[in-house]
Amino acid sequence: MSLVFHDTYKRAKMPFEPLEDGKVKMYNCGPTVYDTAHIGNLRAYVFADLLRRWLEAKGYEVTQVQNITDVDDKTIRRSREEGLTLSELTERFRDAFFSDLETLNILPAHIRPAATDHVDEMVTMIEELLKRDHAYRAPDGSIYFRVSSYSEYGNLSGKRLEDLRVGERVTSDEYESKDDVRDFALWKAWDEEDGSVFWETSLGKGRPGWHIECSAMSMKYLGRDFDIHTGGVDNIFPHHENEIAQSRCATDGTFARYWLHCDYLIVEGKKMSKSLGNFFKLQDLIDKGYTPREIRYVIMGTHYRSRLNFTFDGLHAARSALGRLDEFQASWQQFKVGDASAEAATAIDRAEKQFDEAMDDDLNISAAIAAIFNMVREVNSLTSQGVTTVGDRERLTQLWAKWDLALGVLSMKESSDSDGDDGWIEELIEERKQARQAKNFARADEIRDELVAKGILLKDSPEGTTWKREAN
RNA sequence: GGCGGCGUGGCCAAGUGGCUAAGGCGAAGGUCUGCAAAACCUUUAUUCGCCGGUUCGAAUCCGGCCGCCGCCUCCA
């Protein structure tokens with residue numbers, strides 16, 4: 001069984017073989033920090049996290065680099081609007097972004113470079129491109145990459161040079177200094193709009209173009225050629241196409257060897273937009289009473305190359321499904337003393353194998369989760385027959401921990417619940433217990449109804465009564 | 001105009017030539033319970049947008065049609 005990934009460049013699933021045995025070097029296109037991320041943005045990082053976790057589960061030593069774009073048109077415009085310096089603005093949203101990642105149990109990338117800290121590397125690369133005649137300086141002082149100098153341009157996105165249409169969006173003013181409308185900026189000469197944002201370099205006074213940062217930073221930390229480059233499908237063109245062109249032309253290398261892209265997220269079947277009222281940031285959902293764990297489960301639950309339909313039904317389904325997994329884990333405590341049973345071992349082994357095969361197949365998360373639930377059902381059934389033992393529990397604990405590491409959701413803490421004092425609930429439960437012992441069921445039911453009205457569900461068992469909050 | 005994707009049970013969602021079309025949610029029935037809830041078990045698509053074709057055999061391949069959607073210069 002071998003690991004395969006769908007490579008956008010080859011448009012096919014390809015066996016994954018890293019450059020260096022046992023090691024994977026991966027670059028994720030990170031956010032432009034001009035605002036807090038919405039759940040669509042966050043999907044890309046949940047995906048990258050799942051990818052990294054699975055590679056690590058396979059035993060690879062992963063080096064993950066995720067950049068922060070902290071200088072571009074949007075960050076500059078926004079900082080001026082808010083009356084902040086560029087770094088004041090970008091640091092605020094960068095921190096908010098990191099915080100969102102942590103909330104979603106996304107492991108921090110090993111290296112998280114910011115574009116503004118790597119202008120020197122970008123300048124060096126642009127100089128090399130100029131030297132090799134893949135770039136030119138335009139009359140306005142900006143430097144552009146000459147697309148016609150790279151014959152393989154368009155291979156990633158499947159666009160042929162001659163097909164690229166000059167759309168209405170390309171105003172003639174903005175591009176009149178370019179030799180060819182398809183050429184893209186490597187270096188933007190300073191203008192009024194940039195205000196105090198500029199670097200004085202050998203290239204002149206200005207700032208880097210967008211695409212060059214990812215080339216410079218990925219190669220700085222991962223080497224000329226590295227294994228995986230990820231991003232959203234919207235990055236395929238032009239961003240990644242341009243990265244490939246400038247990187248290969250500057251180095252003669254391969255650059256990234258596997259390109260993985262995740263699709264968009266839509267909400268309730270529609271494109272997320274503020275006017276439709278279906279535009280959500282992480283905190284918006286938490287404020288509605290959903291937990292980060294439920295949100296992660298939903299975002300993760302659809303294959304990364306499919307469009308994810310994010311719905312509130314789905315969020316509730318996640319709550320039930322996770323509850324079932326939690327109940328399963330809790331049920332291990334009831335296992336009787338004894339050696340591992342052959343029946344349970346068979347179910348557990350099969351599930352482990354199915355999970356591995358599913359994830360190895362381009363991260364087929366649906367099939368992987370199905371393997372978990374199949375095992376849950378089989379083991380529950382064995383438990384009801386009194387078959388499962390402490391020996392089985394050991395094996396389950398081990399496998400569960402492995403899956404948890406890979407998915408990052410099994411033991412993820414339910415936060416944002418139980419803020420405030422829950423003592424009143426315990427008091428009512430105690431009163432009800434006494435009423436029940438006195439066979440005063442009328443009062444006992446009254447208390448239960450009262451709690452239900454407040455969204456508290458009771459669960460009676462031989463060990464006592466426990467409670468939990470109902471889905472809102 | 002160019003390139004590309006999608007349409008599977010009430011909802012979400014795997015499967016892309018052949019054992020009985022995964023799994024989750026929901027729903028129904030059962031076990032348990034003072035009654036419930038929760039939990040657990042069982043059941044829940046002769047059928048994969050429609051029409052043709054290829055094949056011993058198709059949700060899976062080919063053609064046509066219908067419907068939805070993405071990208072085509074800075075948007076994860």
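Note that the coordinates shown come from a computational prediction; the quantities given were computed from them, not determined experimentally.
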S.K.: Kindly state each residue pair satisfying side-chain hydrogen bond (donor to acceptor under 3.5 Å, both in side chains) with at least one member in residues 364-375 of chain A, sequence neighbours excluded.
M.R.: Asn374(A)-Arg377(A)

S.K.: Any salt bridge (charged side-chain N to carboxylate O under 4.0 Å, His left out) pairs touching residues 207-219 of chain A, not counting sequence neighbours?
M.R.: Asp73(A)-Arg207(A), Asp194(A)-Arg207(A)

S.K.: In whole angstrom, give me the gap between the P atoms of rC41(B) and rG24(B).
M.R.: 9 Å

S.K.: Not counting sequence neighbours, list each pair that qualifies as a salt bridge (charged side-chain N to carboxylate O under 4.0 Å, His left out) and has a residue in residues 425-442 of chain A.
M.R.: Glu431(A)-Arg443(A), Arg432(A)-Asp460(A), Arg436(A)-Asp460(A)

S.K.: Nearest whole Å is fine: how far is rA38(B) C1' from Arg319(A) CZ?
M.R.: 15 Å

S.K.: Where the side chain of Tyr45(A) is defined as all heavy atoms beyond and including C-beta, which of rA76(B), rU73(B), rC12(B) is the nearest nucleotide?
M.R.: rA76(B)

S.K.: Under the rule for side chain to side chain contact (heavy atoms under 4.5 Å, CB included), what residues qualify as partners of Ser341(A), not counting sequence neighbours?
M.R.: Glu343(A), Ala344(A), Val387(A), Asp392(A)

S.K.: Does Thr302(A) or Arg305(A) map to a spot on RNA chain B nearer the 5' end, using the closest nucleotide for each?
M.R.: Arg305(A)

S.K.: Which pair of heavy atoms, one from Ser331(A) and one from Phe328(A), lies closest together, and at what distance?
M.R.: OG-O, 2.5 Å

S.K.: Using a cut-off of less than 4.0 Å, is there contact between a side-chain N or O of Asn242(A) and OP1 or OP2 of rU73(B)?
M.R.: no

S.K.: Rounded to whole Å, how long is the line connecting atom CH2 of Trp210(A) with atom P of rC74(B)?
M.R.: 9 Å

S.K.: For rG63(B) versus rC3(B), give the span between their P atoms, rounded off to a whole number of Å.
M.R.: 15 Å

S.K.: For Ser381(A), which residues count as a side chain to side chain contact (heavy atoms under 4.5 Å, CB included) partner, sequence neighbours excluded?
M.R.: Gln385(A)

S.K.: Between rA36(B) and rG9(B), how far apart are the two P atoms, rounded to whole Å?
M.R.: 35 Å

S.K.: Test of understanding: with salt bridge (Lys or Arg N to Asp or Glu O under 4.0 Å), list the residues that count as partners of Arg393(A), not counting sequence neighbours.
M.R.: none

S.K.: Under 4.0 Å, heavy atoms only, any strand: does Leu265(A) hit a base, just the sugar-phosphate, or nothing?
M.R.: base

S.K.: Which residue lies toward the 5' end of RNA chain B, Arg11(A) or Lys439(A), if each is placed at its nearest nucleotide?
M.R.: Arg11(A)

S.K.: Is Lys159(A) positioned over the aromatic face of Phe237(A), cation under 6.0 angstrom from the ring centre and no more than 45 degrees off axis?
M.R.: yes

S.K.: Expressed as a whole number of angstroms, how long is the span from Lys271(A):NZ to rC69(B):C1'?
M.R.: 10 Å

S.K.: Using the C1' atom in both, what is the distance from rA14(B) to rC50(B), to the nearest Å?
M.R.: 24 Å

S.K.: Counting any heavy atom closer than 4.0 Å, what does Gly40(A) reach on the DNA or RNA strands: base, sugar-phosphate only, or nothing?
M.R.: base

S.K.: If the C1' atom of rA59(B) is compared with that of rA39(B), how far apart are they to the nearest Å?
M.R.: 36 Å

S.K.: Can you give me the dot-bracket string for RNA chain B, 5' to 3', counting Watson-Crick and G-U wobble pairs with both distances under 3.5 Å, using [ ] for crossing pairs and | for partners on another strand?
M.R.: ((((((((.[[[..)..(....]]]((((((.......))))))....[[[[[..)....]]]]])))))))....

S.K.: Output the rounded distance in Å from CG (Asp234(A)) to P (rG5(B)).
M.R.: 18 Å

S.K.: Can the positive tip of Arg112(A) be found less than 6.0 Å from the middle of the six-membered ring of Phe98(A), inside 45° of the ring normal?
M.R.: yes

S.K.: Return the value, rounded to whole Å, for the distance between atom CD1 of Ile39(A) and atom P of rC75(B).
M.R.: 20 Å

S.K.: Identify which nucleotide among rA76(B), rU73(B), rG2(B) has an atom closest to any side-chain atom of Pro238(A), counting heavy atoms from C-beta outward.
M.R.: rU73(B)

S.K.: If you check every side-chain atom of Lys159(A), which of rU73(B), rA76(B), rG2(B) has the closest atom?
M.R.: rG2(B)

S.K.: Would you indicate what His303(A) reaches in the nucleic acid, counting non-hydrogen atoms under 4.0 angstrom: base, sugar-phosphate, or nothing?
M.R.: sugar-phosphate

S.K.: If a protein heavy atom is under 4.0 Å from the base, mark B; if only from the sugar-phosphate, S; if neither, -; do that for nucleotides 18-32 of chain B going 5' to 3'.
M.R.: ----BSSSS------

S.K.: With rounding to whole Å, what would you report as the distance between rC48(B) and rG15(B) at their C1' atoms?
M.R.: 11 Å

S.K.: rC71(B), rC69(B), rA76(B): which one has an atom nearest the side-chain heavy atoms of Arg307(A)?
M.R.: rC69(B)

S.K.: For Phe441(A) and rU33(B), what is the distance between atoms CZ and P respectively, to the nearest whole Å?
M.R.: 13 Å

S.K.: Please report the distance, rounded to the nearest Å, between CZ in Phe237(A) and C1' in rU73(B).
M.R.: 6 Å

S.K.: Per the atom types in the model, does the base of rA76(B) pair as donor or acceptor with the side chain of Arg43(A) at under 3.5 Å?
M.R.: no

S.K.: Could you report the tightest heavy-atom contact between Gly158(A) and Glu241(A), atom names first, then the distance?
M.R.: N-OE1, 4.5 Å

S.K.: When the P atoms of rC69(B) and rU16(B) are compared, how many Å lie between them, rounded to an integer?
M.R.: 27 Å

S.K.: Can you tell me how far P in rA27(B) sits from the matching atom in rA38(B), rounded to whole Å?
M.R.: 9 Å

S.K.: Does OP1 or OP2 of rA14(B) have a side-chain N or O of Ser306(A) closer than 4.0 Å?
M.R.: yes

S.K.: Think Lys74(A) has a side-chain N or O under 4.0 angstrom from the OP1 or OP2 of rC75(B)?
M.R.: yes

S.K.: Just call it for Tyr264(A): base, sugar-phosphate, or nothing, with non-hydrogen atoms closer than 4.0 Å on any strand.
M.R.: base

S.K.: Whole angstrom is fine here: how far is it from CD in Glu357(A) over to C1' in rG15(B)?
M.R.: 14 Å

S.K.: Among the candidates rU73(B), rG34(B), rG2(B), find the nucleotide nearest to the side-chain atoms of Arg448(A).
M.R.: rG34(B)

S.K.: Dump the intermediate steps for side-chain contact (heavy atoms from CB on, under 4.5 Å) on Val119(A) and Trp187(A), then the final yes or no.
M.R.: CA-CA 10 Å; Val119(A) 174; Trp187(A) 183 259; 4.2 Å; yes

S.K.: Suppose we screen for side chain to side chain contact (heavy atoms under 4.5 Å, CB included). Which residues come up paired with His303(A), at least two apart in sequence or across chains?
M.R.: Arg305(A), Ser306(A), Asp362(A)

